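Structure, as structure tokens:
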Amino acid sequence: MDAPLHLRYCRPDTPFFDAPAADPTATGYLDECPAPADGWQVTGNRDWTSLTPPDAELPAQGWKVHVSTVPDDASEALARTWDYCVGRGVPFKFLRSRDVLVQRSSKYGDRSASGKFITLYPRDEDELASVLDELGERLDGLRGPYILSDLRWGAGPLYVRYGGFKSITRRNDSGAVEYLITDPHGRLVEDRRGPSFRPPEWVTIPECLHPAIVERSEGRLTDFPYKVTRALHFSNGGGVYRATDTRTEREVLLREARPLAGLDGRGDDSLTRLERERWALSELAGVRGVPELLDYRRGNEHYFLVRDYVEGAPLSRECLRRNPLLRGDSSPEAVEEFTRWALHVLAQVTEAVREMHDRGVVFGDLHPGNVLVDESGTVTLIDFETATTTAQDAPQAIGAVGFTAPSGYIGAAVDRYALGVLRLAVFLPFGATLTWGLDKLDTVLELVRSTFPVGDGFENEVRVDLGPAPHEGPTILRPDPDAPARTGAPGPAERVQGLVDGVLRYADLTRDDRLYPGDAEQFFRPEGGVDLATGAAGVVWSLTRAGVQVPATHLDWLEAAADRVLGSPHPVAPGCYDGLSGIALSLAAAGRPDRVADLMARVDTTPVDDVGTGLHGGLAGIGLVHLALDRPDAAEALAAATAIGTVLAERTDTPRAPGQERPGLLRGATGAALFWLRLFERTADEDHLDRAEAALRADLRAFGWAQAGDDTEDVFARLPFLAHGVAGAGMVLHDLLRHRRPADLVAARDRVLEVVSSAFAVQAGLFNGAAGLLLALTHLDDPTDGDARVARLRAALERQVVDASGVPVMLGREALRLSTDLSTGSAGVVLACRGATLPFFGGTP
């Protein structure tokens, strides 16, 4: 996942993902401004407030001006810009609230957009020159971070970029929305918003910008004795680079800081944190496991810390690579070997933390990503930007999910808490799960002790590190005083019914953007709260297929949401899991067919050039929906599916670049294989079956399976899950084998069953967790409820259940928040546990 992107939607006031700007108590900047002049139009959305003068005729694209700011200067910057724009009739927009500005300025914000607070739209180059000169003078002295995508104007907070004035969008191959402009030939091309100033090649730079271009050229790095050889990481606060000291040829690591950008929870910018790291490395000189500080200097407008380059991989990655459980190997020899390695690593980390505290330094951000391990098992700790002195007894400013100390932990106790979590996470990656309550700690501790020979003192070390009074769980979960008292652990049927109750309890009919809380992807696209994967359509489909009577008011909401999606002026995804066809499928399954024809008519008019090939959002999924819908005219549905098959065949016959699509059921060739298989079953055309087999073989090869049946145990075991792993491919392969049985594909299917039967799942979700494994196991082998494999997967699901005000709800992606959706949350778990299955695989509970 894009973890930083998901973190933006982890509001502290709710256990569910939610949009930061949706908080009704947030103060908007518009409230601070005078009433707009007569005739001015005020519009807005979740992020922006726009003001347009009467009779404004803007070009579709041109040179736009951005005003950069920091939160403390924003109100003053807006007041001065407002007066200027209203007085001269210049259209403009601004971020609607301080919350949105802070989020965009944060460490995990989009670095190409950081600092952009106000956007002005000059009508022509003459007005552009006037705006820059006149507004630049008015804003002189105000602060703002350097906007990476733009050209800086003077020394103030104004920046310029060529781009679209009017929103023209389309979806790329991955389903993401792209913004477009028109080239001189009338073709729509991407309006690139990268982290550097690069206007389109066919655009002429206005004469008024020539001084800024010269100044930019003269401001390039000089007298900088380090040559970057590789960029390692970027964030809104700067970059991390592997480099060579040109004077000595020594390999070094550069850490870059952008002043005023990358704000953390305390409001500190990246430069403040870089200077904090400089102090910490100086204090810790000579401590084993701490890299050597070599240099600290300014380069143009950014600052650079230079330290010794250390070979090694993050501990998080090494644990995933080495842990035998995650490779499907539970042999005593493999488990014992891994345990020795893990305890050796932990001993070094423990000693390094002890020496830091002896030197008066608190690390402040200990987690597996900040621990490097080389091939010999030697440990190095990195990233000291949140370090403080032990004398400060300061609370933690920022931290990794699961390793952030609870409220009340200060100073050295912050590191010790993280060390306690690390002791468990090295063996099993459940760090984020621990934040949801003491019962999770006991469960994970017992699982580690029963699986790995960690020794008798291990549990005591963990509990001592975590502190004398570990937290009871997040404050965003409040006990329900009216909830009935629990007596004993719930049985499987009771637990599933409880999950159904939780889904219905947390439905919110008053919201337009979503009905059921789910993954943060609900907020990435306009239809994200409605679609099959993360939205209401998926929950309604799952509950309906699992035999649950969905309330009529919920179905009314979904129908109304379908109308809103159909009425959207923006392009809407046509796909199965991400758009219109999946919504149609859900409404049809729930007995609400009135909107189905309109939805599918919109799908049929979507240009296929903007649609991929896969099941999730592409042609395969759309074709399967056509085949699955019980339309009055079955021949018309078959004709639509066949037409899609023609385009799909042309696409799949064209060679693709390696790695263009992920293998697997949702985005790989397996989805196309499922379409061809179902089309064969409808038509008996052997060509379709041939294409299904060829597509499956392509994905199996991508997963590492060779036609001769070479040893692929490690490859398959590392990719066991439903959406992007072998479980989904195995389900389609299982159905293909009903029609033909090549020996190598039979062997591949049997190997998938072995992997699914023994795979270790950290998450619960249907797409990438235990629920998907349970659903695949049911499809591949139809086990009885007493089957040990079923019991093991149910136990994995139980580890991810949280009591939310008296009802159980599943932890969602990376245990960051709770979720009730199909792909990551309770609805998908209910579907699997009730014996139902995914669309297009048939079968009912």
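What you see is a predicted model; the values in this text were computed from it and never measured.
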Is the backbone of [Y] close enough, under 3.5 Å, to the side chain of [X] for a donor and an acceptor to pair up by distance?
X: D183; Y: R187; answer: yes
X: W48; Y: L95; answer: no
X: D308; Y: E292; answer: no
X: R273; Y: D268; answer: yes
X: S114; Y: S105; answer: no
X: Q61; Y: T182; answer: yes
X: T229; Y: R242; answer: yes
X: S97; Y: G28; answer: no
X: T534; Y: G528; answer: yes
X: E127; Y: R123; answer: yes

Working to the nearest 0.5 angstrom, can you tell me the gap between [X] [atom1] and [Y] [atom2]?
X: L148; Y: R111; atom1: CG; atom2: CZ; value: 6.5 Å
X: S149; Y: R193; atom1: OG; atom2: CZ; value: 8.5 Å
X: L305; Y: R276; atom1: CG; atom2: CZ; value: 13.5 Å
X: F403; Y: Q396; atom1: CZ; atom2: CD; value: 11.5 Å
X: E215; Y: L209; atom1: CD; atom2: CG; value: 12.0 Å
X: S68; Y: R152; atom1: OG; atom2: CZ; value: 8.0 Å

_Walk me through whether L158 and L135 qualify under side-chain contact (heavy atoms from CB on, under 4.5 Å)._
CA-CA 8 Å; L158 291 188; L135 184 59; 4.1 Å; yes
_Show, in sequence, the C-alpha distance, side-chain angles and deciding distance for L381 and L366, and conclude whether the side-chain contact (heavy atoms from CB on, under 4.5 Å) test is met._
CA-CA 8 Å; L381 276 67; L366 178 62; 4.3 Å; yes
Does the side chain of [Y] come within less than 4.5 Å of [X]'s, by heavy atoms?
X: T380; Y: V290; answer: no
X: L254; Y: F224; answer: yes
X: L232; Y: L253; answer: yes
X: Y296; Y: F304; answer: no
X: C85; Y: L120; answer: yes
X: L128; Y: V131; answer: no
X: I181; Y: Y162; answer: yes
X: N370; Y: D365; answer: yes

Will you find, in the side chains of [X] and [Y], an N or O donor that is under 3.5 Å from an N or O acceptor?
X: R98; Y: Y29; value: no
X: N45; Y: R96; value: no
X: E190; Y: Y179; value: no
X: Y226; Y: D295; value: yes
X: T43; Y: K93; value: no

Before accepting this row, confirm whether a basic side-chain N of the pair [X]/[Y] lies closer than 4.0 Å to the acidic partner's carboxylate O.
X: R813; Y: E521; result: yes
X: K107; Y: D264; result: no
X: R104; Y: D99; result: no
X: R255; Y: D383; result: yes
X: E137; Y: R80; result: no
X: E301; Y: R258; result: no

Indicate the atoms forming the closest heavy-atom contact of [X] with [Y], along with that distance.
X: D191; Y: G164; result: OD2-N, 3.0 Å
X: E527; Y: D578; result: CG-O, 3.4 Å
X: L58; Y: P91; result: CD2-CG, 3.9 Å
X: T244; Y: V252; result: N-CG2, 4.3 Å
X: Y159; Y: I147; result: CE2-N, 3.5 Å
X: P122; Y: V65; result: CG-CG2, 4.1 Å

_Parallel, tilted or perpendicular: ring planes of Y146 versus H302, cut at 30 and 60 degrees_ =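 Because their plane-to-plane angle is over 60°, the rings of Y146 and H302 count as perpendicular.
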*What is the ring orientation for F17 with H6, classed by angle as parallel under 30°, tilted 30 to 60°, or perpendicular over 60°?*
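Correct class here is perpendicular.
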*Can you spot which of R230, H233, E256 makes a side chain to side chain donor-acceptor pair (under 3.5 Å) with Y241?*
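With Y241 as partner, R230, H233, E256 yield a single side chain to side chain donor-acceptor pair (under 3.5 Å), made by E256.
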*Could you give me the CA-CA distance, side-chain angles and deciding distance for F384 and F363, then say whether ring-ring contact (aromatic ring centres under 6.0 Å, His included) is met?*
CA-CA 6 Å; F384 288 81; F363 192 176; 4.6 Å; yes
*Provide the full list of ring-ring contact (aromatic ring centres under 6.0 Å, His included) pairs with a residue in residues 79-104, sequence neighbours left out, each pair given once.*
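Passing the test, one end in residues 79-104: W82-F92.
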*asked:* Within the supplied structure, the quantity of interest is the number of heavy atoms (other residues, nucleotides, ligands) at a distance under 6.0 Å from R247 CZ; does it exceed 12?
replied: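 Atom CZ in R247 is crowded, with more than 12 foreign heavy atoms closer than 6.0 Å.
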*Is it true that atom CZ of R250 has more than 12 heavy atoms of other residues, nucleotides or ligands lying nearer than 6.0 Å?*
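Buried by this count: over 12 neighbours within 6.0 Å.
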*Applying side-chain contact (heavy atoms from CB on, under 4.5 Å), run through V160 and K64 and close with a yes or a no.*
CA-CA 6 Å; V160 187; K64 58 179 71 175; over 6 Å; no
